[in-house]
Amino acid sequence: MATVPARDKYRSFLHDEPDSVQWRHGGPPTYDAVNQLFEEGRTKEWAEGSLEETVQNAIKSWEMEISHKVRLQDVKSINPEKFKLIVNGREGLTGEETMKLGTYNALLKNSLPKEFQYYKADEETFESSHEVFRSAFPRGFAWEIISVYSGPPVIAFKYRHWGFFEGPFRGHAPTGEKVEFYGLGTVKVDESLKVEEVEIYYDPAELFAGLLKGPSISESETGHETSPTDHGCPFQN
């Protein structure tokens, strides 16, 4: 008898979605591995129903929908007509643009000369960008709220991202070490608490410093297969 997957307690709009919803990989993703990483490594455990827990779960839900649903009309956590994603002060991306690029590329895009870019977002597709980081972080890249400074309609917060570098990254062998960084963000919501704007600030060098520590390996040694539904983005939550 088939085992029914446990319901994800951190993400809405994942279970009981209508059959008309189109998922990027044919069905809803599972977050068991990264949820375990999150529970084992979080530094804050917020009270159920608290503002911090509500914000944390809302952002996890938003990221899941943007990364795994194909059509903007199926994304319930945002206001599709007003949505913008702004990273480190760059020009905002619409919902359609964010879904096409993928959250990795949206978060890692920068204007540095090519020779100084650790990661060339302009040369990556949605699929290739997700594979790069699924390979490097087989258990996912967990995300938690550290502080919430204001409530709706403009929610300001501090967050932490972390994971273990256990797979190859662009010719660098894994170190097995924890890679983490901190950032700040705001989320603007409408009267229905749908997201209108997400603004994120962080230093990508904190992420890449851990990934580039691994010794160089040949391209032939970088194969690492993972299921496309194992987890979403490492900016995932």
Side-chain angles (χ1 to χ4, degrees), residues 24-25 29-44 59-60 63-64 66-68 87-88 90 101-146 158-185 200-237:
R24 189 173 293 274
H25 298 291
T30 58
Y31 286 86
D32 294 348
V34 77
N35 284 349
Q36 181 177 348
L37 181 67
F38 166 73
E39 291 168 358
E40 292 173 351
R42 60 187 166 185
T43 61
K44 306 283 187 179
I59 293 174
K60 288 176 186 285
E63 187 284 328
M64 178 278 296
I66 287 288
S67 294
H68 288 279
V87 180
N88 288 340
R90 296 195 303 271
L101 279 174
T103 46
Y104 289 119
N105 288 334
L107 290 163
L108 293 170
K109 186 178 177 65
N110 66 73
S111 57
L112 287 171
K114 291 285 187 182
E115 61 268 27
F116 298 119
Q117 292 183 18
Y118 307 113
Y119 174 89
K120 297 178 175 62
D122 291 342
E123 298 177 5
E124 300 290 342
T125 64
F126 181 105
E127 290 77 14
S128 69
S129 65
H130 278 248
E131 183 55 34
V132 165
F133 288 96
R134 274 198 298 262
S135 172
F137 298 110
R139 289 189 279 163
F141 203 43
W143 189 94
E144 69 170 338
I145 283 285
I146 297 297
K158 181 179 182 180
Y159 67 90
R160 169 180 171 250
H161 245 315
W162 77 99
F164 289 88
F165 182 20
E166 297 170 325
F169 176 79
R170 290 299 168 86
H172 290 270
T175 63
E177 296 178 0
K178 181 167 65 178
V179 175
E180 66 180 341
F181 67 87
Y182 292 80
L184 298 170
I200 295 293
Y201 290 90
Y202 78 106
D203 182 359
E206 294 183 5
L207 166 64
F208 289 111
L211 292 173
L212 300 178
K213 284 175 65 176
S216 295
I217 53 177
S218 71
E219 290 298 321
S220 63
E221 296 171 22
T222 59
H224 184 90
E225 295 185 2
T226 57
S227 166
T229 58
D230 280 347
H231 48 75
C233 165
F235 289 101
Q236 132 193 328
N237 312 235

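Contact record, Met64 with Pro29: CG-CG, 4.2 Å, taken as the closest heavy-atom pair. Contact record, Leu211 with Ala136: CD2-CB, 4.2 Å, taken as the closest heavy-atom pair. Pairing each heavy atom of Val34 with each of Phe141, the nearest pair is CG2-N, 3.7 Å.
Here the side chain of Glu144 pairs a donor or acceptor atom with the backbone of Thr43 at under 3.5 angstrom. Between the side chain of Ser129 and the backbone N or O of Asn105, no donor-acceptor pair lies under 3.5 Å. Panel note: side chain Ser135, backbone Glu131; no donor-acceptor pair is recorded below 3.5 Å. In this structure a side-chain-to-backbone donor-acceptor pair under 3.5 Å is present from His161 to Ala142. One N or O on the side chain of Arg90 and one on the backbone of Lys109 form a donor-acceptor pair closer than 3.5 Å.
In this structure, the side chains of Arg24 and Glu127 come closer than 4.5 Å at one or more pairs of heavy atoms. Between Tyr182 and Glu180, some side-chain heavy-atom pair lies under the 4.5 Å cut-off. Residues Thr103 and Ile66 are in side-chain contact: their nearest non-hydrogen atoms beyond the backbone lie under 4.5 Å apart. Proximity of Lys213 to Phe208: side-chain heavy atoms (C-beta onward) are nowhere separated by under 4.5 Å. Residues Ile145 and Lys44 fail the side-chain proximity criterion, which asks for heavy atoms closer than 4.5 Å. Contact annotation: the side chain of Leu108 approaches that of Leu207 to within less than 4.5 Å [non-hydrogen atoms, C-beta and beyond]. Using a 4.5 Å heavy-atom cutoff, the side chains of Tyr202 and Asn88 are in contact.
A donor-acceptor pair shorter than 3.5 Å cannot be found between the side chains of Asn110 and Tyr119.
In this structure, the separation between CD on Glu177 and CZ on Phe165 is 9.5 Å, given to the nearest 0.5 Å. Taking CG of Asp32 as the start and CG of Leu37 as the end, the distance is 12.5 Å to the nearest 0.5 Å. Within the model, atoms NE2 of His68 and NE2 of His25 stand 6.0 Å from one another, a figure rounded to the nearest 0.5 Å. Put simply, CD1 on Ile217 and NE2 on His172 are 9.0 Å apart, with the number rounded to the nearest 0.5 Å.
Salt bridge annotation for Glu206-Arg160: absent, with no cationic side-chain nitrogen under 4.0 angstrom from a carboxylate oxygen.
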TODO: Evaluate side-chain contact (heavy atoms from CB on, under 4.5 Å) for His130 paired with Ser67, printing each intermediate quantity in order.
DONE: CA-CA 10 Å; His130 278 248; Ser67 294; 4.2 Å; yes

When you look at Leu101 and Phe126, which way does the side-chain contact (heavy atoms from CB on, under 4.5 Å) test go after all the steps? CA-CA 5 Å; Leu101 279 174; Phe126 181 105; over 6 Å; no

Discussion item. Working note: Phe164 + Thr175, criterion side-chain contact (heavy atoms from CB on, under 4.5 Å); need CA distance, chi angles, decisive distance, verdict.
Written reply: CA-CA 8 Å; Phe164 289 88; Thr175 63; over 6 Å; no

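Applying the side chain to side chain donor-acceptor pair (under 3.5 Å) test to Tyr159 and every residue at least two apart in sequence or in another chain returns nothing. Partners of Leu184 under the side-chain contact (heavy atoms from CB on, under 4.5 Å) rule, at least two apart in sequence or in another chain, are Tyr149, Lys158.
Counting non-hydrogen atoms of other residues, nucleotides and ligands closer than 6.0 Å to CD of Gln36 gives a total of 12 or fewer.
Residues Phe169 and Phe133 place their aromatic rings such that the two centres sit under 6.0 Å apart.
With a 6.0 Å cutoff to the six-membered ring centre and a 45° limit on the axis angle, Lys60 counts as a cation-pi contact of Phe38.
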